[in-house]
Amino acid sequence: MTATEEIRPMTKQTPFPRIAFIGTGAQGASVAADFALAGLDVTFIDQWPAHVEAMREKGLTVNLPTRQLHTPVKALHLCEIAEIKEPFDLVFMVVKAYDTRWAAEMIKPVLAEHGFVVGLQNGMTHEAIADIVGAHRTIGAVIQIASNMWEPGITTRQNDTDESWFALGALDPEQQPRVHDVADILRHSGTVQVVDDIRSAKWMKLVVNAAELIPTAIIDTAMRDSVRDPEFLEVMRRAGYEAMEAALADGATIMPIIGMPPVMSNHPERYVDEIFDEVVRTFSRDDTLTTSLQDWRKGRRAEVDEVNGLVVDFLEARGKAAPMNRKVVEMAKEIEAGRRRHHPDNARELVAHYRGLAQA
């Protein structure tokens, strides 16, 4: 039976009294809803007009595996950022990775000097945020939640707070002690780990994303269905192995994320296999679609350049190749240009490419 909870926000003191989310789609809305239900002063800012209007009129509904939440929220259109008079102390950025720079520029004028922007995103977006608001006001983050949104004002989160996982770390070491206050706030929405090496943590998540996001979108298949084909699973793992090579070339340290035990393998390829299996086992349901496939089904572009494309560019700049990721990027670009459909038949081409690489 589904339980319904409706809780109206109440005043609560925090080290960051004014909080905003820029990007309140499937992920951002579900996390921000936990803040609102905890009584925090949180503002929802989004670029989808119908979604903003639905939240204003009816509040936000969050469908979880065994319960449903509903809360009234303060929602703003992007254009209304220019009307904000009192700056925000803490901003969570949950827009697509390719939207990071313009979103950071928009929020910068209303970010308190002592405030932070936290990038709850895929890719290495913490660097772009820091370029705009300053490293001293940037917190890098890793997020592991499965969710989707198909209707304005309603989000479906497939991992409740007991299964949701985050990592946080300051870019400026002098600000690292303050990250713990941010972590305490984010714990309203899941388990939060404060890490000293957020760059490595971000790389480890990108390794998983390179293996799962675009490859499963190309074949238009749910995550768990994609890994049931042992040959396609090897395609995904090969993309992850190449991403790990890029991470290590950038000086990243292999480290456990998403709640994995510290005793997990330090061997690069075994690490990729272990963490990829954990994502499928713990953070996926039978109907879980990657965010990239959701984007394509909505007619939007996916984070191709920011994930698999980043692996290709990073390794090629160092005289190395990422042939599996390059093939993934090429096919994804054909799909986004309308020259190819995202379809299960694409698996044959990816598998054939993998076989060629394995025999080379």
Side-chain angles (χ1 to χ4, degrees), residues 5-9 16 18-64 68-84 87-108 110-111 115-123 125 129 139 141 143-161 164 166 182 185-186 188-190 291 294-295 298 300 303:
E5 302 177 21
E6 181 165 0
I7 306 174
R8 292 188 175 274
F16 301 95
R18 281 179 50 80
I19 302 170
F21 277 70
I22 182 165
T24 55
Q27 305 278 55
S30 69
V31 177
D34 289 331
F35 287 20
L37 291 166
L40 301 176
D41 183 351
V42 57
T43 300
F44 292 55
I45 304 171
D46 202 75
Q47 64 196 86
W48 185 11
H51 181 42
V52 173
E53 292 303 320
M55 289 191 291
R56 285 176 166 176
E57 181 180 351
K58 301 177 182 179
L60 176 71
T61 297
V62 183
N63 293 315
L64 292 151
Q68 183 184 78
L69 307 178
H70 183 80
T71 181
V73 302
K74 294 187 295 184
L76 298 180
H77 295 283
L78 279 179
C79 60
E80 293 176 307
I81 292 176
E83 301 173 17
I84 294 170
F88 294 110
D89 303 286
L90 186 60
V91 176
F92 289 87
M93 186 176 294
V94 207
V95 298
K96 293 296 178 183
Y98 51 70
D99 287 331
T100 299
R101 288 190 173 273
W102 68 254
E105 290 285 6
M106 288 196 74
I107 210 67
K108 181 180 178 180
V110 294
L111 177 66
F116 287 121
V117 176
V118 183
L120 290 178
Q121 303 164 282
N122 294 322
T125 57
I129 296 170
I139 293 177
I143 177 173
Q144 186 60 53
I145 303 174
S147 59
N148 59 72
M149 176 181 285
W150 305 101
E151 299 178 50
I154 302 172
T155 184
T156 297
R157 178 169 167 176
Q158 296 186 308
N159 307 107
D160 211 325
T161 55
S164 302
F166 307 88
V182 181
I185 293 172
L186 190 53
H188 288 296
S189 201
T291 180
Q294 292 181 50
D295 287 336
K298 294 175 182 176
R300 302 175 60 185
E303 295 164 321

Do [X] and [Y] have side chains that get closer than 4.5 Å, going by heavy atoms?
X	Y	answer
F21	V31	yes
I22	V94	no
V182	F16	yes
L76	I84	yes
L37	V62	no
K96	T291	yes

Between E151 and K58, is a salt bridge (Lys or Arg N to Asp or Glu O under 4.0 Å) present by the stated rule, with each step listed?
CA-CA 13 Å; E151 299 178 50; K58 301 177 182 179; over 6 Å; no
With rounding to the nearest 0.5 Å, note down the distance linking [atom1] in [X] to [atom2] in [Y].
X	Y	atom1	atom2	value
M149	T24	CE	OG1	6.5 Å
T61	M55	OG1	CE	11.0 Å
I129	I139	CD1	CD1	10.5 Å
R157	S147	CZ	OG	8.0 Å
I143	F166	CD1	CZ	4.5 Å
H51	R56	NE2	CZ	12.0 Å

Check whether [X] reaches the backbone of [Y] with its side chain - one donor and one acceptor, N or O, closer than 3.5 Å.
X	Y	value
N159	A146	yes
H70	L60	yes
H188	A36	no
Q47	L78	no

Worked verdict on V118 versus V91 for side chain to side chain contact (heavy atoms under 4.5 Å, CB included)
CA-CA 6 Å; V118 183; V91 176; over 6 Å; no
Testing the basics here: between [X] and [Y], what is the closest heavy-atom pair and its distance to 0.1 Å?
X	Y	result
F44	A33	CZ-N, 3.8 Å
A29	T155	CB-CG2, 4.3 Å
S30	S189	O-OG, 4.5 Å
L111	V117	CD2-CG2, 3.6 Å

Does the distance from a Lys or Arg side-chain N to an Asp or Glu carboxylate O, for E80 and K74, drop under 4.0 Å?
no
Is the centre of the F92 ring less than 6.0 Å from the centre of the F35 ring?
yes
State, without any angle test, whether E53 and H77 hold a side-chain donor-acceptor pair at a distance under 3.5 Å.
yes
Assess the side chains of T100 and Q121: does a donor N or O sit below 3.5 Å from an acceptor N or O?
yes
Test side chain to side chain contact (heavy atoms under 4.5 Å, CB included) on I45 and I107; report intermediate values, then the result.
CA-CA 10 Å; I45 304 171; I107 210 67; 4.2 Å; yes
Check against side chain to side chain donor-acceptor pair (under 3.5 Å), Q68 and N63:
CA-CA 5 Å; Q68 183 184 78; N63 293 315; 2.8 Å; yes
Would I19 and D41 count as a side chain to side chain contact (heavy atoms under 4.5 Å, CB included) here? Give the steps.
CA-CA 6 Å; I19 302 170; D41 183 351; over 6 Å; no
